[in-house]
Colleague: 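Please read through the structure below; I'll follow up with questions.
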Amino acid sequence: MKLATFNINGIKARIEALPAWLSEAKPDVVCLQEIKSVDEAFPREVFEDMGYRVETHGMKSFNGVAILSKLPLEDVARGLPGDDSDEQARWIEATVIGTRAVRVCGLYLPNGNPAPGPKYDYKLAWMARMEARVRALLATEEPVVFCGDYNVIPQAEDAAKPAAWAEDALFLPETRAAFRRIVNLGLTDAFRAVNQNAGHYSFWDYQAGAWERNNGIRIDHLLLSPQCADLLSDCRIDKAVRGLEKPSDHVPVWIELDA
DNA sequence: ATGGTCGACACTCGA
């Protein structure tokens with residue numbers, strides 16, 4: 001099973017680039033972030049015609065997540081538990097039925113800037129809710145993937161210029177500590193399990209020639225439960241996608257599972 | 001040090 005995460009920064013803007021990447025990379029499952037679309041406006045037929053089931057959890061203008069899958073999906077759930085007043089569309093779950101059943105959680109973690117402030121408070125509260133959801137799913141002792149745009153730079157080696165991010169919500173010590181609390185529940189960072197080298201990024205800002213200077217950060221992650229990590233055979237970042245026509249500011253990251 | 005780019009939408013906000 002090839003499973004990818006991809007922050008597309010708007011489905012309408014990526015209506016050519018996303019199908020092109022799907023045709024080339026042929027993932028079985030893709031978690032999308034920042035679809036920036038309500039469910040009714042998502043162009044599901046484009047992907048259904050390519051053999052994908054389509055499950056969306058969108059909202060007007062901002063955020064929004066989705067799962068595309070060539071494999072059957074069961075028990076689709078929308079929204080991160082823990083705050084009924086939270087109306088932001090940032091979490092979707094489904095069980096993918098391959099040779100093994102894998103619970104897949106697609107997430108778009110809040111950016112949190114400017115920090116400090118209410119947006120940063122929301123980020124930290126959201127991460128606490130995610131920690132609770134991870135605990136609950138780990139208790140099932142089934143293969144689970146938590147993938148998406150975490151808006152977290154885990155370590156200095158995950159940024160070309162870490163000093164530039166010192167005051168940023170993506171790299172503040174409190175952000176990284178909250179991320180570690182989640183990982184330390186027993187999750188495996190799939191990319192780091194396969195590649196321990198610095199200098200691998202998943203996001204390059206549109207501004208200031210960040211791509212041309214390779215001024216990137218690694219913020220798109222696939223975290224695996226122990227039972228899922230046992231199935232991991234590969235993890236790669238499709239860096240070249242950033243250099244194609246009309247790219248997102250993020251690139252796809254994918255894993256191969258024996259499932 | 002500063003300003004720089006996109007996407008969605010309707011003018012400015014979010015990233």
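Quick note on labels: first sequence line is chain A, next is B, and so on, each numbered from 1. Source: prediction; values computed, not measured.
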Colleague: Please state how far atom CE in A/Met59 lies from atom C1' in B/dG14, giving the value in whole angstrom units.
Modeller: 11 Å
Colleague: Whole-Å distance between B/dG14 P and A/Tyr108 OH?
Modeller: 11 Å
Colleague: Once ring pair (Phe, Tyr, Trp, His ring centres under 6.0 Å) is applied, do any residues pair with A/His200, and if so which ones, sequence neighbours excluded?
Modeller: A/Phe191
Colleague: In whole Å, I'd like the distance from the CG atom of A/Asn7 to the P atom of B/dA8.
Modeller: 12 Å
Colleague: Any Lys/Arg nitrogen of A/Arg103 or A/Glu93 sitting under 4.0 Å from an Asp/Glu carboxylate oxygen of the other?
Modeller: yes
Colleague: Quick one: on DNA chain B, does A/Gln88 or A/Ile35 contact a more 5' nucleotide (nearest heavy atom)?
Modeller: A/Ile35
Colleague: So, for A/Arg78 and A/Thr56, which heavy atoms are closest and what is the spacing to 0.1 Å?
Modeller: NE-O, 2.7 Å
Colleague: Rounded to whole Å, please give me the gap between CH2 in A/Trp165 and P in B/dA15.
Modeller: 13 Å
Colleague: Rounded off to whole Å, could you give me the CG-to-P distance for the A/Leu18 and B/dG7 pair?
Modeller: 14 Å
Colleague: Does any pair with a residue in residues 107-117 of chain A pass side chain to side chain donor-acceptor pair (under 3.5 Å), and if so which ones, sequence neighbours excluded?
Modeller: A/Glu34-A/Tyr108, A/Asn111-A/Asn113, A/Asn113-A/Asp168
Colleague: Would you measure the distance from the C1' atom in B/dA15 across to the matching atom in B/dG4 and give it in whole Å?
Modeller: 14 Å
Colleague: Take atom CZ of A/Phe62 and atom P of B/dG7, then tell me their distance rounded to the nearest Å.
Modeller: 14 Å
Colleague: Tell me the interatomic distance from A/His250, atom NE2, to B/dA15, atom C1', rounded to whole angstroms.
Modeller: 8 Å
Colleague: A/Phe42: which residues meet the ring pair (Phe, Tyr, Trp, His ring centres under 6.0 Å) condition with it, sequence neighbours left out?
Modeller: A/Phe47
Colleague: Sort and list the pairs that fulfil side chain to side chain donor-acceptor pair (under 3.5 Å) and have at least one residue in residues 231-240 of chain A, not counting sequence neighbours.
Modeller: A/Trp21-A/Asp238, A/Asp234-A/Arg236, A/Asp238-A/Trp254
Colleague: Could you list all N or O pairs between the protein and nucleotides 2-6 of chain B that sit under 3.5 Å apart?
Modeller:
{"from": "B/dT5", "atom 1": "O4'", "to": "A/Tyr206", "atom 2": "O", "distance (Å)": "3.3"}

Colleague: For the P atoms, the ones on B/dG14 and on B/dA10, what distance do you get once it is rounded to whole angstrom?
Modeller: 14 Å
Colleague: Provide, to the nearest angstrom, the distance between the OH atom belonging to A/Tyr120 and the P atom belonging to B/dA15.
Modeller: 15 Å
Colleague: According to the side chain to side chain donor-acceptor pair (under 3.5 Å) rule, which pairs have a member within residues 170-185 of chain A, sequence neighbours left out?
Modeller: A/Tyr120-A/Thr175
Colleague: Between A/Ser61 and A/Phe203, which is nearer to the 5' end of DNA chain B once each is assigned its nearest nucleotide?
Modeller: A/Ser61
Colleague: With respect to the side chain of A/Lys60, which nucleotide from B/dA15, B/dC13, B/dA10 is positioned closest?
Modeller: B/dA10
